[in-house]
Structure formats: structure tokens, C-alpha cells
Amino acid sequence: MDPVEVDKKDNVGMKFAEDENGKSMDVDIVNLAAESSDESVEIGHIDRRKIITIANEDFVQVAEQEGDNPIELPAEEDGTLLLSTLQAQFSGSCGLQYRNMDTKAVRGIRSNQDRLFPPNGASSWGENVYFCVFPKEIKRKRDDDLVSTAVKAKRIESGRCIDLIVLGLSWETTENRLRKYFQKYGEVTMANIKTDYRSGHSRGFGFIRFASYETQKLVLSTSRHLIDGRWCEIKVPNAKGNNTSNKVFVGRCTENISSNDLREYFSKFGEVSDIYIPQPFRAFSFVTFFDADVAQSLCGEDHIIKGVSVNVSNAIPKHDQYNQYRGSRSPVEQSFNY
DNA sequence: GTTGAGCGTT
């Protein structure tokens with residue numbers, strides 16, 4: 001083949017080159033002609049297939065979120081990544097970021113129209129793992145979709161009452177006012193306003209629960225509710241996942257819910273083998289059943305014990321859920337979590 | 001002491 005010229009101006013490794021057909025390619029100058037100090041370097045002695053291989057080697061490692069497993073996306077011959085290539089794998093993504101290991105800060109990737117450019121003006125994407133940027137609305141939607149849409153649907157179609165979240169409450173609205181407002185639809189079994197634990201002030205949302213499924217359906221069919229002069233939204237709250245163990249985590253316990261209360265309450269679902277309440281008080285407990293199916297059937301549900309809405313979920317601690325999700329812990333290992 | 005999309009203080 002004919003000699004190929006490589007432009008060495010302000011290069012730090014990878015620069016563009018053209019083969020004899022005028023096709024641009026990436027060539028690693030440091031590896032190919034390290035000793036040359038000319039402005040351009042002849043690399044005609046290099047086998048063309050090898051150059052093509054080098055040229056085709058630039059894949060960009062992209063993950064949906066930081067920490068996710070990356071997918072390798074092919075860069076274009078000029079080193080850029082087409083937005084369409086990115087979006088083919090990550091629908092809705094509009095850009096890329098990566099973690100700068102020196103500064104620990106997240107860096108944005110330059111983009112122009114339909115192309116994304118490698119960082120630092122280089123022509124290589126290097127070994128960085130890049131993660132997607134989504135427009136704000138889509139990111140929110142994604143959480144909604146992936147985290148809980150299926151679970152939500154299951155919960156609402158189950159025919160049972162669940163806690164409903166009320167968003168957009170006035171800072172002034174009290175639990176009594178909330179209860180009073182919704183009582184006109186049917187019997188309310190629980191009303192709760194979430195407050196800032198320091199100031200005690202409302203955080204502007206709360207939860208409500210009805211005695212009958214019919215009432216719940218009726219209330220949910222009207223999404224806008226005028227409460228204390230503000231239009232509020234009532235929705236099925238986001239839920240958590242499932243469980244395979246015979247032990248469940250009971251969250252949002254209050255200090256007056258005793259071991260006996262828990263045993264008495266949960267015994268109606270199946271034989272309880274153990275109750276564990278951490279001391280000092282930590283607002284959760286564990287209930288173990290003889291039958292794992294009973295435990296499983298309760299997961300994701302809210303139950304009212306002594307007027308308090310507690311939440312039943314899987315008994316796997318938060319810091320292990322990542323590994324659990326990745327399947328890197330065996331069920332045997334998981335059983336030794338506590 | 002402020003606020004106005006969200007997801008249940010330990």
C-alpha cells in the first residue's frame with residue numbers, strides 16, 4: 001500500500017490519518033512510530049489490515065447510569081459517537097458524562113447536533129465508562145416506569161386497599177383535615193402527613209387509606225382534589241420488590257408496636273416463628289414465618305397495626321440489594337445476612 | 001423564618 005500520512009500536530013497519542021482511498025482512520029502514533037519527531041510520519045510499512053483493525057477498535061463503553069454494566073458502542077471513523085448510535089441502545093438519552101478520576105467530579109461530553117466528541121479534544125474515548133444523560137422529564141418517567149409500574153398495577157388490581165400518596169398538600173394541612181377531606185368518599189382507616197422530623201413542619205405530602213376498595217377506586221378516579229385551597233394529586237405510591245425468604249422486613253414501625261402486637265397481627269396470615277425488634281428503637285422489625293410463601297405474599301403490602309401503616313418488604317438489607325440484584329450472592333450467603 | 005416536585009425521619 002501507499003504510505004499513509006499521520007498528522008502529528010499537538011497529538012497525544014491518537015490522531016486522524018487517511019488511507020489510500022481517502023478514508024480517515026485512527027492511528028496510534030505512539031505505538032506505530034514512537035521515535036519520529038517529524039510533523040508527519042510515514043507509516044506505509046505498516047500492514048493495512050493492522051491499521052484498519054486499529055481504526056475500528058474504538059468502542060465507547062456506555063452505561064445507562066453510573067455503576068451499571070456498560071455496553072460497547074462503536075465510534076465513527078472520525079472518533080465521534082453518533083447520537084443515533086447512543087439512542088439506539090439508550091432510548092431517550094441526549095448526552096454522555098463520565099467521572100473524572102482526578103477531580104472525582106462528573107464531566108460532560110461535548111455534543112454538537114447529532115454527534116458526541118471524545119473528551120479533552122482527543123480522538124479516542126479511552127477506557128472511561130461513560131453514562132447517559134437524560135432530559136429531566138424522561139429520567140423521572142424512567143424511574144416511575146422501571147421501578148414500580150408493574151408492581152403498582154399489581155397492587156391496585158389486587159382488590160385490596162393500599163396506602164395512597166397525596167402530593168401537593170398545603171403546608172398547613174393537618175392529618176385531621178386530610179382525613180376529613182377524604183371521609184366524604186368513604187371510611188378512612190389511616191391518614192398521615194409526612195413532616196420534617198426537626199421542625200415538625202409538613203413536607204407537603206401524606207398518605208391516606210380507605211376501608212373499602214370501592215372507595216379507593218372512586219378516589220383514584222379523581223386525580224385532582226382541592227384540599228385547603230390547593231389542588232392535590234392522589235396516586236398509588238412507588239413500591240419495592242419481592243422476596244424469597246421466610247423472613248420479612250416490617251418498616252415504619254413505631255415504638256409502641258411490641259413484639260406481641262406484631263406476632264398477633266401477622267399470625268392471621270400464617271404461623272409466625274420469630275419476631276425481632278432491634279434495640280435501641282430503629283423503626284423496623286423482622287417477622288419470620290414458617291412458610292416462605294406467606295412471607296412472600298405479604299411483601300410490598302402495607303398493613304395497619306395500632307393505627308400505624310407499616311410496610312412489609314423483603315428482609316435483605318439495603319447495602320446487599322445491589323449484589324442481590326447482580327446475582328453475585330448465593331441464597332446460602334444471603335441467609336447469613338443477619 | 002424560605003419551598004411546590006416528590007415517595008413514607010430514626
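- Checked against B:dT9, B:dT10, B:dG4, the side chain of A:R230 finds its nearest nucleotide in B:dG4.
- Sequence order on DNA chain B of the closest nucleotides to A:R198 and A:L169 puts A:L169 first from the 5' end.
- Between A:D274 and A:K247 no salt bridge is recorded (no basic side-chain N to carboxylate O distance below 4.0 Å).
- A stacked arrangement is assigned to A:W171 and the six-membered base ring of B:dT3, with a centre-to-centre distance below 5.5 Å and an interplanar angle below 30°.
- The CG-P distance, from A:N311 to B:dT10, rounds to 12 Å in whole Å.
- At least one cation-pi condition fails for A:K194 and A:F205: the charged atom is not both under 6.0 angstrom from the six-membered ring centre and inside a 45 degree cone around its axis.
- Of the listed residues (A:D163, A:L220, A:V219), just one forms a side-chain contact (heavy atoms from CB on, under 4.5 Å) with A:F210, and that residue is A:V219.
- Side chain A:N238 to base B:dG8: no donor-acceptor pair is found below 3.5 Å.
- When rounded to the nearest whole Å, the span between CG of A:L164 and P of B:dG8 equals 15 Å.
- Atom-to-atom, CD of A:E172 to C1' of B:dT3 comes out at 12 Å; the value is rounded to the nearest Å.
- Across all strands shown, A:N192 has no heavy atoms under 4.0 Å from either base or sugar-phosphate atoms.
- The residue A:S309 sits close to a base: some heavy atom pair falls under 4.0 Å.
- Rounded to an integer number of Å, the gap from A:H201 NE2 to B:dT2 P is 7 Å.
- The aromatic ring of A:F207 is stacked on the base of B:dG8, with the two ring centres less than 5.5 Å apart and the planes inclined by under 30°.
- The shortest distance between the side-chain N/O atoms of A:K194 and the OP1/OP2 oxygens of B:dC7 is not below 4.0 Å.
- Atom CD in A:E255 sits roughly 13 Å away from atom C1' in B:dT9 (whole-Å rounding).
- Across all strands shown, A:D302 has heavy atoms under 4.0 Å from base atoms, whether or not it also approaches the sugar-phosphate.
- Summarising the geometry, the separation between CD on A:E233 and C1' on B:dG8 is reported as 17 Å, rounded to the nearest angstrom.
- We find that A:R224 and A:E233 are not joined by a salt bridge, their nearest charged nitrogen and carboxylate oxygen being 4.0 Å or further apart.
- A residue-by-residue look at A:A283 and A:I165 shows that A:I165 has its nearest nucleotide of DNA chain B further toward the 5' end.
- Atom CG in A:D196 sits roughly 13 Å away from atom C1' in B:dT2 (whole-Å rounding).
- One atom, CG of A:L167, and another, P of B:dG8, lie 11 Å apart when rounded to the nearest Å.
- Nearest to the side chain of A:F281, among B:dT10, B:dT9, B:dG8, sits B:dT10.
- Under 3.5 Å, the side chains of A:T80 and A:D78 contain a donor-acceptor pair of N or O atoms.
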